[in-house]
Amino acid sequence: MDLSGLDKSRLPRHVAVIMDGNGRWAKLRGKGRTEGHRRGTASVRAVVEMSRKLGIPYLSLYAFSTENWFRPQDEVSALMGMLEHYLVAEQPKMMRHGIRLKAIGNRRRLPPSVRRILAHVERLTRRNHGMTVLLALSYSGRDDIVSMVRQIARDVKEGKYSVAAIDERLIARRVATGAVPDPDLLIRTSGEMRVSNFFLWQIAYTELYVTPTLWPDFREPQYFQALLDFQRRQRRFGRTDEQLGNGNGADGLEADAG
Ligand code: IPE
Ligand code: IPE
Ligand code: MG
């Protein structure tokens, strides 16, 4: 695919994706939901590969939410099976392309086989520096905040730092994304205008892009469109248009806004 229409100097550093619409994709075709999820993994491959090709350093994929545990048991099992299969199958490519994988979320709830392969792939890819993929599994933004608060409370109680030392930087380091910069762009497929408990702390100034395209249909051309749209935005971080020199992005403001 020809990617020359994109300004390489103004790509997002971190793209986050709420991959939604697999069930509807399948239903429209008279297939079971599992088939939608299966086709969705091909979209995951496409988005990972294109991000790597473009040199986007961080990609976060919301694959399974805390709330998704309430789905029918057979769907949950099918999703976990596919996840395991995906992780096994993608290892060589991750190594070839220098992709580091890191899971975020409550991994203790995941089946042991998924936990094992996750730990294996994380260890295998930990020295890769081409791109980091954060896979959000059994993740919820509120859980993330609860864990962060607990950790800070513990640290204060143990005297590691004082209450007055708690600031945005300290909090940012204790949510699941840690040292990863906040997403510049959050894509949600399937048209729902909601965040569904994905990153909450992290998206304070993230550009939102919602497309009606269902996740299994979201491939290179659709991703390209999302990135083009992002490049047309003026990120103001609370400033005025004039302060930004009329519309050429907010470069230089990100540091003090973040
Ligand atoms: C997204 O597709 C996949 C997961 C949430 C795991 P859905 O399964 O939510 O598809 P819809 O929203 O029912 O179409
Ligand atoms: C959001 O999709 C979660 C993931 C994509 C993993 P859902 O399908 O679970 O979200 P809701 O229920 O429509 O908000
Ligand atoms: Mg959904």
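The structure displayed is predicted, hence computed values, not measured ones.
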Engineer: Of the non-hydrogen atoms in His37 and Leu79, which two are nearest, and what is the gap between them?
Structural biologist: CG-CD2, 3.5 Å
Engineer: What's the shortest heavy-atom distance between Phe224 and Leu6, and which atoms?
Structural biologist: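 Taking every non-hydrogen atom into account, CE1-CG, 3.6 Å.
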Engineer: Determine whether more than 12 heavy atoms belonging to other residues, nucleotides or ligands lie under 6.0 Å from atom CZ of Arg29.
Structural biologist: yes
Engineer: For His85, I'd like to know if atom NE2 has over 12 heavy atoms of other residues, nucleotides or ligands within 6.0 Å.
Structural biologist: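 Counting other residues, nucleotides and ligands, NE2 of His85 stays at 12 neighbours or fewer.
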Engineer: If the threshold is 4.0 Å, N to carboxylate O, is there a salt bridge linking Glu49 and Arg52?
Structural biologist: no
Engineer: Under a 3.5 Å distance rule, please check whether Ser43 uses its side chain to pair with a backbone N or O of Phe218 as donor and acceptor.
Structural biologist: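 Pair found, side chain donor or acceptor close to backbone of Phe218.
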Engineer: Listing request: all salt bridge (Lys or Arg N to Asp or Glu O under 4.0 Å) pairs with a residue in residues 98-121, at least two apart in sequence or in separate chains.
Structural biologist: Arg107-Glu122
Engineer: Can you confirm whether Arg45 is buried at CZ, in the sense that more than 12 heavy atoms of other residues, nucleotides or ligands lie under 6.0 Å from that atom?
Structural biologist: yes
Engineer: Output all residues satisfying salt bridge (charged side-chain N to carboxylate O under 4.0 Å, His left out) with Arg39, sequence neighbours left out; order by chain, then residue number.
Structural biologist: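 Applying salt bridge (charged side-chain N to carboxylate O under 4.0 Å, His left out) to Arg39 gives none.
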Engineer: May I ask you to check whether Thr66 and Arg142 show a side-chain donor-acceptor distance below 3.5 Å?
Structural biologist: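 Thr66 vs Arg142: no donor-acceptor pair found between side chains.
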Engineer: What's in the same ILVMFWY side-chain cluster as Leu28, cut-off under 4.5 Å, chained through other members?
Structural biologist: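 Same cluster as Leu28: Trp25, Leu214.
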Engineer: Which heavy-atom pair separates Leu137 from Ala63 by the least distance, and what is that distance?
Structural biologist: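 Nearest heavy atoms, Leu137 then Ala63: CD2-CB, 3.8 Å.
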Engineer: Please step through side-chain contact (heavy atoms from CB on, under 4.5 Å) for the pair Leu134 and Tyr58, ending with a clear verdict.
Structural biologist: CA-CA 8 Å; Leu134 294 181; Tyr58 302 99; 5.9 Å; no
